[in-house]
Chemist: 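Mind having a look at this structure? Questions to follow.
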2 protein chains.
Amino acid sequence: MKKKTRFVILGLLRDEAMTGYEMKNCIDLRMSFFWQESYGQIYPELNLMVKEGLLVCREDDESSARGKIRYSITECGQQVFDAWMAEACEKDTVRSEALLKFFLADDRNEAAVKQHLEDFYSQCSEHLALFEKFQESLRGFEDMHNHKYILRMLDLAVRQQKLNCEWSSSYIHELQK
Amino acid sequence: MKKKTRFVILGLLRDEAMTGYEMKNCIDLRMSFFWQESYGQIYPELNLMVKEGLLVCREDDESSARGKIRYSITECGQQVFDAWMAEACEKDTVRSEALLKFFLADDRNEAAVKQHLEDFYSQCSEHLALFEKFQESLRGFEDMHNHKYILRMLDLAVRQQKLNCEWSSSYIHELQK
DNA sequence: AGTGGCATGTAAAGAGTTACATGATTTG
DNA sequence: CAAATCATGTAACTCTTTACATGCCACT
């Protein structure tokens, strides 16, 4: 289970130069469906990657005591990214406490299950709304071709969230009978 | 992100007494869709839980130098489990290298994406087959009511895998044009 | 003047995997 | 009888989160 923080960073920077803070934001908003990173991983990795020549950085704001630091990918970084892209994927790791509880429940826990289902439903709806908003924003561009891969991915994300919503709402109705 | 190993163990033992090895097996075969544990988590936790009075154990096989150890849940363990069931769930953590690659890809990586899609498809088909087999085995019982919660969960798992299969196969066809 | 969001970073704690060691039992 | 699988366990390592520290900027 190798650390993949650097590849996520590299992948994001191919599109545009970003600060560490923006990367974390982008990962949380658009990729949390299948990936997460914390500041404790991002910032140290960013400094390491500059030393290794995968990234270059420039201070945005010379006037401040400690300005924003915006990173860009180097040619070497591109190569490292493409090499990783071609490698086989490790198997997924998923930990969903809600699904775990749904699986392990019995009649003693019916009330708890009901509550968790409602939470699950509202979380999925929120995610769905987020993904659909992102989808719309990408479709607004005329250069849709550039977003071909992301749009395909979003299509899966949206359909999975819809499935989860449908499943949990019908499960809720069943329990209410 | 608290450790939940003990609750998984407790949940499994409510159905039947098991050895640590059997638990790991069961988790890998039936729960890997949304959960995983390793021996390094299970065995030390098992010993701890006996000390805390959540479990009792008996050696299966007195003749061997080191026989199987089969664990059962205590009344106290039941209570701890039910208390956890009623608690709110932490948010999910998911790490899927394949989905990450699908999201970050561009035209330079089309060949890699194709390969990963094929791997993704075959993995999902395998999971689907596994879930369907499990589903069938549960439906064989006359006391289906006992498995109500697991069957509901399996319904979601099966539908998600079907969605993934459908998505990846249509994506593969698109790329082949 | 205070709140909240932007922004960078570190240290310590905690979670989780991996590799190894050991030995029994089953199956071809 | 060799190989695979069953079975338990530990130690070292790696990964990841969390809590904290610092300070800017915009808005009210």
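Numbered from 1 within each chain, the chains take letters A, B, ... in sequence-line order. In what follows, every heavy atom counts, from backbone to side chain, and hydrogens, waters and symmetry copies are set aside.
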Chemist: Among all residues two or more places apart in sequence or in another chain, which pass the side-chain hydrogen bond (donor to acceptor under 3.5 Å, both in side chains) test with A:Arg95?
Modeler: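 None.
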
Chemist: Without decimals, in angstroms, what is the distance between A:Glu37 CD and D:dT16 P?
Modeler: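 Nearest whole value for this atom pair: 7 Å.
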
Chemist: Could you give the distance from CZ (A:Phe120) to CG (B:Leu156), rounded to the nearest 0.5 Å?
Modeler: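 It comes to 6.0 Å.
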
Chemist: Using rotation axes that map the C1' atoms of four end pairs onto the next four (five pairs an end), what angle separates the end axes of the helix from C:dA1-D:dT28 to C:dG28-D:dC1, to 10°?
Modeler: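 So the angle between the two local helix axes works out to 40°.
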
Chemist: Residues from residues 1-8 of chain B sitting under 4.0 Å of DNA chain C, heavy atoms only?
Modeler: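 When residues 1-8 of chain B is checked for heavy atoms under 4.0 Å from DNA chain C, the hits, listed by number, are B:Met1, B:Lys2, B:Lys3.
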
Chemist: Do A:Gln123 and A:Asp119 have side-chain atoms, one donor and one acceptor, less than 3.5 Å apart?
Modeler: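 No, because no side-chain N or O of A:Gln123 sits under 3.5 Å from a partner of the opposite role on A:Asp119.
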
Chemist: Measure from CG on B:Leu48 to C1' on D:dT10 and round the result to the nearest Å.
Modeler: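 About 15 Å, once rounded to whole Å.
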
Chemist: Are B:Gln160 and A:Asn164 close enough that a side-chain donor and a side-chain acceptor fall under 3.5 Å?
Modeler: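 There is such a pair (donor and acceptor under 3.5 Å, judged by atom type) between the side chains of B:Gln160 and A:Asn164.
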
Chemist: Between B:Phe7 and B:Trp35, does the ring centre distance come in under 6.0 Å?
Modeler: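 They do not qualify: ring centres at least 6.0 Å apart.
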
Chemist: Hey, is B:Glu136 close enough to B:Lys133 for a salt bridge, meaning N to O under 4.0 Å?
Modeler: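 Answer for the salt bridge query: no.
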
Chemist: Rounded to whole angstroms, how far apart are CG on B:Leu46 and C1' on D:dG9?
Modeler: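 Answer to the nearest Å: 11 Å.
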
Chemist: When rounded to the nearest 0.5 angstrom, what is the spacing between NZ in A:Lys101 and CG in A:Asn109?
Modeler: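 One gets 10.0 Å once the value is rounded to the nearest 0.5 Å.
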
Chemist: So which one's nearest nucleotide on DNA chain D is more toward 5', A:Tyr39 or B:Asn47?
Modeler: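 Whichever sits nearer the 5' end wins; that is B:Asn47.
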
Chemist: Just the rounded figure in Å: distance from C1' of C:dT8 to CD1 of A:Ile9.
Modeler: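 For the pair A:Ile9 CD1 and C:dT8 C1', the rounded distance is 14 Å.
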
Chemist: Distance check: side-chain N/O of A:Gln41 vs OP1/OP2 of D:dT17, anything under 4.0 Å?
Modeler: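 Yes, because at least one side-chain N or O of A:Gln41 sits under 4.0 Å from OP1 or OP2 of D:dT17.
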
Chemist: What do you reckon, is NZ of B:Lys114 surrounded by more than 12 foreign heavy atoms closer than 6.0 Å?
Modeler: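 Yes, NZ of B:Lys114 has more than 12 neighbouring heavy atoms, counting only those of other groups under 6.0 Å.
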
Chemist: Can you list everything that forms a salt bridge (Lys or Arg N to Asp or Glu O under 4.0 Å) with B:Arg108? Sequence neighbours excluded, please.
Modeler: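 Only A:Asp82 meet the salt bridge (Lys or Arg N to Asp or Glu O under 4.0 Å) criterion with B:Arg108.
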
Chemist: How far does CZ of A:Phe131 sit from CD of A:Gln161, to the nearest 0.5 angstrom?
Modeler: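 A:Phe131 atom CZ to A:Gln161 atom CD measures 5.0 Å (nearest 0.5 Å).
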
Chemist: Whole angstroms only, please: what is the OH-C1' distance between B:Tyr43 and C:dT22?
Modeler: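 Distance check: B:Tyr43 OH to C:dT22 C1' gives 13 Å.
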
Chemist: For DNA chain C, which residues in residues 22-36 of chain A have a heavy atom at a distance below 4.0 Å?
Modeler: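 Nothing qualifies; none.
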
Chemist: Under 4.0 Å, heavy atom to any atom of DNA chain C: which of residues 88-99 of chain B qualify?
Modeler: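 By residue number: none to list.
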
Chemist: When the ring planes of B:Tyr171 and A:Tyr149 are compared, do they come out parallel, tilted or perpendicular, using 30° and 60° as the limits?
Modeler: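 Plane angle between 30° and 60°, so tilted.
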
Chemist: Establish, with yes or no, whether the OP1 or OP2 oxygen of C:dC6 is under 4.0 angstrom from a side-chain nitrogen or oxygen of A:Tyr21.
Modeler: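 Yes, because at least one side-chain N or O of A:Tyr21 sits under 4.0 Å from OP1 or OP2 of C:dC6.
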
Chemist: Would you say A:Tyr71 and A:Met49 make side-chain contact, with heavy atoms under 4.5 Å?
Modeler: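 Contact flag for A:Tyr71/A:Met49 side chains = no.
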
Chemist: Applying a 4.0 Å non-hydrogen cut-off, can you work out what A:Gly40 is touching in the nucleic acid: base, sugar-phosphate, or nothing?
Modeler: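 Base, at least one base heavy atom under 4.0 Å.
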
Chemist: With a 4.5 Å heavy-atom cut-off, do B:Phe103 and A:Val8 have their side chains touching?
Modeler: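 Of all side-chain heavy-atom pairs linking A:Val8 with B:Phe103, none is under 4.5 Å.
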
Chemist: Specify the separation, in whole Å, of atom CD1 of B:Ile69 and atom P of C:dA24.
Modeler: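 Computing the B:Ile69:CD1 to C:dA24:P distance gives 15 Å.
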
Chemist: What is the distance from NZ of B:Lys68 to P of D:dA7, rounded to the nearest Å?
Modeler: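 It is 4 Å, rounded to the nearest whole Å.
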
Chemist: Please determine whether a side-chain nitrogen of the Lys or Arg among A:Lys162 and A:Glu166 lies less than 4.0 Å from a carboxylate oxygen of the Asp or Glu.
Modeler: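 Result for this pair is no, no salt bridge flagged.
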
Chemist: Given atom CD of B:Glu45 and atom C1' of C:dG14, what is their separation to the nearest angstrom?
Modeler: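 Computing the B:Glu45:CD to C:dG14:C1' distance gives 13 Å.
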
